[in-house]
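Just below is one structure, and these are the notes that go with it.
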There are 2 protein chains.
Amino acid sequence: MTTDRIRSLINRLSRLDAGADWEADLNPAQRAALDYLVRANRFSRSPSVVADYLGSTRGTVSQTLKSLARKGYLVEERSSADKRSISYRVTEAGLREAARTGPLAEALAGIGEPDLLALANDLEGLLRRAVRAGGNKPFGICRNCLHFRPREEGGFCALLSVALEPDETHRICHEQEPA
Amino acid sequence: MTTDRIRSLINRLSRLDAGADWEADLNPAQRAALDYLVRANRFSRSPSVVADYLGSTRGTVSQTLKSLARKGYLVEERSSADKRSISYRVTEAGLREAARTGPLAEALAGIGEPDLLALANDLEGLLRRAVRAGGNKPFGICRNCLHFRPREEGGFCALLSVALEPDETHRICHEQEPA
DNA sequence: GTGAATAGTATCGAGTCGATATTATTGCAA
DNA sequence: TTGCAATAATATCGACTCGATACTATTCAC
């Protein structure tokens with residue numbers, strides 16, 4: 001079965017790549033959370049949302065984020081609007097850790113850009129299907145959202161009624177609905 | 001960066017797929033080990049070799065395999081030749097568990113065979129590069145090995161000097177060296 | 001035949017993970 | 001406005017992963 005082969009390949013690739021994380025004093029779950037937080041906008045950096053993204057639970061993610069904070073890669077930022085929720089901000093040290101590369105990144109570096117783009121698109125399509133199959137939220141980029149309104153500088157979110165900084169419009173949002 | 005995107009896609013796919021394992025009372029490490037054992041030949045089912053394949057350590061894998069054995073998915077088979085080594089055999093129950101599918105398999109089921117083959121080849125090339133970059137062993141299929149000699153039925157391994165059953169020649173071998 | 005390499009395991013500490021329960025806080029409806 | 005349900009985060013439990021280290025048994029090479 002080709003499907004089994006692909007499943008096995010994806011898991012092995014991810015596993016080999018994760019092996020390199022340990023040298024960076026992050027485990028795979030911590031790395032995955034940090035990777036997400038680096039790319040997420042300010043509305044999407046709470047334990048609940050990270051849990052949703054990673055297909056995990058609030059309890060687990062809560063612990064993961066606390067341990068990343070202990071290591072100095074994240075900072076808690078309690079919201080004044082909703083006193084229940086917490087947003088985590090990635091620190092400079094966190095950005096440095098997130099930028100570390102493993103064997104997978106090395107392997108990708110040796111491939112030409114056209115092939116990379118084709119592979120990225122294939123995998124993106126596959127992810128879309130897997131997300132549908134598993135009943136997860138899409139978690140797309142702000143800019144490609146139903147509620148996104150472009151402005152001269154940055155944009156505006158019609159759902160949350162807030163102005164968006166230019167670089168925020170390229171970040172992952174948990175409210176995103178594909179346009 | 002397209003490379004970052006691909007890295008993130010592969011990890012997320014593997015993560016979403018792993019989520020389904022828990023319903024099958026396996027965790028991702030156990031699933032990965034079981035998947036490998038199903039496809040490995042009789043010379044390649046020891047803790048050391050599994051550790052090598054998964055990019056883990058003997059200690060960790062030893063525990064993982066023991067816990068799979070406790071659940072009835074594996075059976076220990078001590079070798080008489082080398083009394084230090086153990087080979088694990090997958091039971092019927094283990095085969096059933098290994099055959100369970102997650103959201104990733106569902107997603108793959110909706111894609112045409114030509115596209116699947118193209119994707120599988122791309123990922124295989126990527127894996128080869130990642131394996132080289134990480135200094136891991138290739139772990140190819142017996143049939144494509146330097147030491148493989150075809151026979152009317154099955155084949156013969158010139159390295160270990162043993163006859164091979166027909167279906168053994170399609171299994172993963174830790175001694176494999178690409179022809 | 002002795003010492004080094006190898007195979008497997010036990011143990012330690014930090015952490016994941018699902019499950020469950022608990023505390024704060026918010027929102028809605030009567 | 002009170003009251004109750006939903007929500008956000010966390011604590012706790014037990015099984016397990018993971019690297020590191022130490023240990024035993026066995027095999028191999030000189």
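This structure is a prediction, so every number in the text was calculated from the model and none was measured. Just the heavy atoms: all of them, side chains too, but no hydrogens, waters or symmetry mates, feed the values below. Below, chains carry the letters A, B, ... as their sequence lines are ordered, and counting in each starts from 1.
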Is it true that a side-chain atom of A:Q30 and a backbone atom of A:N27 form a donor plus acceptor pair closer than 3.5 Å?
-> yes

Looking only at side-chain N and O atoms, does A:S46 come under 4.0 Å of OP1 or OP2 in D:dA8?
-> no

B:Q63 CD to C:dT11 P, in whole Å, measures 9 Å

Should we count NZ of B:K137 as having more than 12 external heavy atoms under 6.0 Å?
-> yes

Starting at the 5' end of DNA chain D and moving along, which residue's nearest nucleotide shows up first, B:L65 or B:R58?
-> B:L65

May I ask you to evaluate whether A:R31 reaches the phosphate of D:dC18, defined as a side-chain N or O under 4.0 Å from OP1 or OP2?
-> no

Rounded to the nearest angstrom, tell me the gap between atom CG in B:L74 and atom P in C:dG8.
-> 14 Å

With heavy atoms under 4.0 Å as the rule, sort B:A81 into base, sugar-phosphate or nothing.
-> sugar-phosphate

Would you say B:R129's side chain and A:A109's backbone share a donor-acceptor pair under 3.5 angstrom?
-> no

Give the rounded distance in Å between these two atoms: CG of A:L54 and P of C:dT16.
-> 11 Å

Contact under 4.0 Å: A:K83 side-chain N or O vs C:dT26 OP1/OP2 | no

How long is the line joining CG of A:D52 and C1' of D:dT7, in whole Å?
-> 13 Å

Do side-chain atoms of B:R171 reach the backbone of B:V38 as a donor and acceptor pair under 3.5 angstrom?
-> yes

Can you check whether B:S56 has a side-chain N or O nearer than 4.0 Å to OP1 or OP2 of D:dG19?
-> yes

Can you check whether A:S67 has a side-chain N or O nearer than 4.0 Å to OP1 or OP2 of C:dA14?
-> no

Between the axis at one end of the helix from C:dG1-D:dC30 to C:dA30-D:dT1 and the axis at the other (five pairs apiece), what's the angle to 10 degrees?
-> 10°

Are A:F43 and A:Y36 in one and the same hydrophobic cluster, where Ile, Leu, Val, Met, Phe, Trp and Tyr link if side-chain heavy atoms are under 4.5 Å apart?
-> no

Closest contact, heavy atoms only, A:R58 versus A:A51 | N-CB, 3.7 Å

When the nearest nucleotide of DNA chain C is assigned to A:D82 and to B:S85 on a heavy-atom basis, which residue is associated with the more 5' position?
-> B:S85

B:Q30 CD - D:dC18 C1' separation (whole Å) | 13 Å

Side chain of A:E76 only, please: which of D:dT12, C:dG18, D:dT10 is the nearest?
-> D:dT10

Separation of D:dA8 atom C1' from A:H174 atom NE2, nearest Å, is 12 Å

Distance in angstrom units between B:L26 CG and C:dC17 C1', rounded = 14 Å

A:K66 NZ - D:dA8 P separation (whole Å) = 16 Å

Nearest heavy-atom pair of B:L65 and B:A33: which atoms, and what distance?
-> CD2-CB, 4.1 Å

Of the listed C:dA7, D:dT10, C:dC17, the closest approach to the A:Y88 side chain comes from D:dT10

Distance check: side-chain N/O of B:N27 vs OP1/OP2 of D:dC16, anything under 4.0 Å?
-> no

Spell out yes or no: do the side chain of B:R84 and the base of D:dT27 have one donor N/O and one acceptor N/O closer than 3.5 Å?
-> no

Output yes when at least one side-chain N/O atom of A:T60 is less than 4.0 Å from OP1 or OP2 of C:dG18, else no.
-> yes

Reckon A:R70 has a side-chain N or O less than 4.0 Å from the OP1 or OP2 of C:dA14?
-> no

Are any of B:S62's side-chain N or O atoms less than 4.0 Å away from OP1 or OP2 of C:dA7?
-> no

Is there a donor-acceptor contact under 3.5 Å from the side chain of B:R31 to the main chain of B:A98?
-> yes

